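Below is one structure, written out as structure tokens, with a few remarks after it.
Letters A, B, ... mirror the listed sequences (proteins, then strands); counts begin at 1. Because the structure is a prediction, the values reported are computed rather than measured.
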Number of protein chains: 2
Amino acid sequence: MNKILLFLFKEGAAQQPVRLSTTQLGKRLSMSQQNASRCLIELEKEGKIERSEKGIRLTGIAMEDLRHLYHDLKSVFEGAAILKGKIVAGLREGAYYLSLPGYRKPLKEALGFEPFPGTLNLKLNGNPALPSKESGIFIPGFEWKNRSFGGLHAYPCNIEGIPGALLRPVRTHHGPGIAELIAPVSLKKKLRKKEGDWVEVKL
Amino acid sequence: MNKILLFLFKEGAAQQPVRLSTTQLGKRLSMSQQNASRCLIELEKEGKIERSEKGIRLTGIAMEDLRHLYHDLKSVFEGAAILKGKIVAGLREGAYYLSLPGYRKPLKEALGFEPFPGTLNLKLNGNPALPSKESGIFIPGFEWKNRSFGGLHAYPCNIEGIPGALLRPVRTHHGPGIAELIAPVSLKKKLRKKEGDWVEVKL
DNA sequence: ATTACTAAGACGCGAGTAA
DNA sequence: TTTACTCGCGTCTTAGTAA
């Protein structure tokens, strides 16, 4: 049933009535014409669609259904998650950036700790379900000594017990498969881990 | 069934195994223990979950399912999805397949254009949220000269201004990270791009 | 062409129960 | 406690057909 609503939504039935015969509908959704007809009757009874000479239109009830489903999925895909990754060697760039007051100060204010000048870089395994940009704290970019430094998003997190943050520069040099972590202390030392070891991050 | 996958996903079963008895699962999803058990067996058969002493874990197949559903909803709620990828060398197979009337004819009918005999292959970056199988147009397989040719799904799209389609063979030789594109014209020539260049696709 | 009825089979679900 | 079997009922789906 949801399948049908989603299809009609895609066809634009939320905005204006869509002309679709039960035969066409059945074909597109790989079901019989008879079943498509029956489902439309059912959906009409539930007040989720309205039919007229102009075609089929989705009602607010149907839209609410779909929106709920979407929010559910969104929350798990974009929301809190546990990331797992292997420690990889950084380019020592993180240490440099974190020594700049332009990043240092706003990070301290936003996160509540003075970041240790160095990042722990993790190569994430599997499909990294990173949080959405909206859910983090945005640290704007700045100009300094004739160089421009880009903005970044910071996501407070917990790295095997140590409170820290995941950083996502707006102009990142490495793809989404790499996570850059900071904390008030040296993560490598505190965790007693070395390159290639696994680390878990709770967002 | 999707209900169960979504619930397990929310419980974090994508990252690590989750301990849940069938009784608990049934209660949380308002279904009988027996039914929860049956569903888990089914999902295990389909390769969507794995069970061990440590609990239940979602596999990549399940994640793809959820991702498709999410993509479908996202595309209608947030607008068209945009895929980005780098041009990679094909095996010249696409040109051969597109020369066969068995593919050529139904593609022309479905898409409204005569496909140029050649595909543009993109290596997609990040986690490619490809559309679900249902939302595309299915081109059935066929037999020809004692060889059998598999079916494929076609998704109309726009490749930097050029209307075309994304093809997904049922029996694909390359994974979900590669997108095969066709258009009425030679995409490489029209876009004036070469191997390694980035291309944007609006679905 | 269209929609939708009926009949028959497939499938899903819960109760009872076993291990 | 746990999982998972069988059985019976009820819903969903398709085929055939009418209008």
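In this structure, Arg19(A) atom CZ and dT3(C) atom P are separated by 11 Å, rounded to whole Å. Rounded to a whole Å, the CG atom of Leu43(A) is 16 Å from the C1' atom of dT3(C). If you measure from atom CG of Leu20(B) to atom C1' of dT2(D), you get 13 Å, rounded to the nearest angstrom. As rounded to whole Å, 15 Å separates atom C1' of dG12(C) from atom CG of Leu29(B). Rounded to whole Å, the distance from CD1 on Ile56(A) to P on dA4(C) is 10 Å. The distance between atom CG of Leu40(B) and atom P of dT2(D), rounded to the nearest whole Å, is 14 Å.
No salt bridge links Glu195(A) with Lys188(A); every basic N to acidic carboxylate O contact stays at or beyond 4.0 Å. Salt-bridge annotation for Arg51(B) and Glu44(B): present, with a side-chain N of the basic residue lying under 4.0 Å from a carboxylate O of the acidic one.
The shortest side-chain heavy-atom distance between Gln34(B) and Arg38(B) does not fall under the 4.5 Å cut-off. You'll find the side chain of Leu29(A) stays beyond 4.5 Å of the side chain of Asn35(A), heavy atoms only.
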- [ ] Starting at the 5' end of nucleotides 12-19 of chain D, put B wherever the base has a protein heavy atom under 4.0 Å, S where only the sugar-phosphate does, and a dash everywhere else.
- [x] SBBBB---
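Scanning for salt bridge (charged side-chain N to carboxylate O under 4.0 Å, His left out) contacts around Lys27(A) gives an empty result, with sequence neighbours left out.
Proximity of Ser37(B) to the phosphate of dT3(D): no side-chain N or O atom is located under 4.0 Å from OP1 or OP2.
Within the 4.0 angstrom heavy-atom criterion, only backbone atoms of the sugar-phosphate kind lie near Arg51(A); the bases stay farther away.
Taking only side-chain atoms of Ile41(A), from C-beta outward, the nucleotide of dC5(C), dT2(C), dT2(D) with the closest atom is dC5(C).
Donor-acceptor pairing under 3.5 Å is recorded for the side chains of Asn121(A) and Thr119(A).
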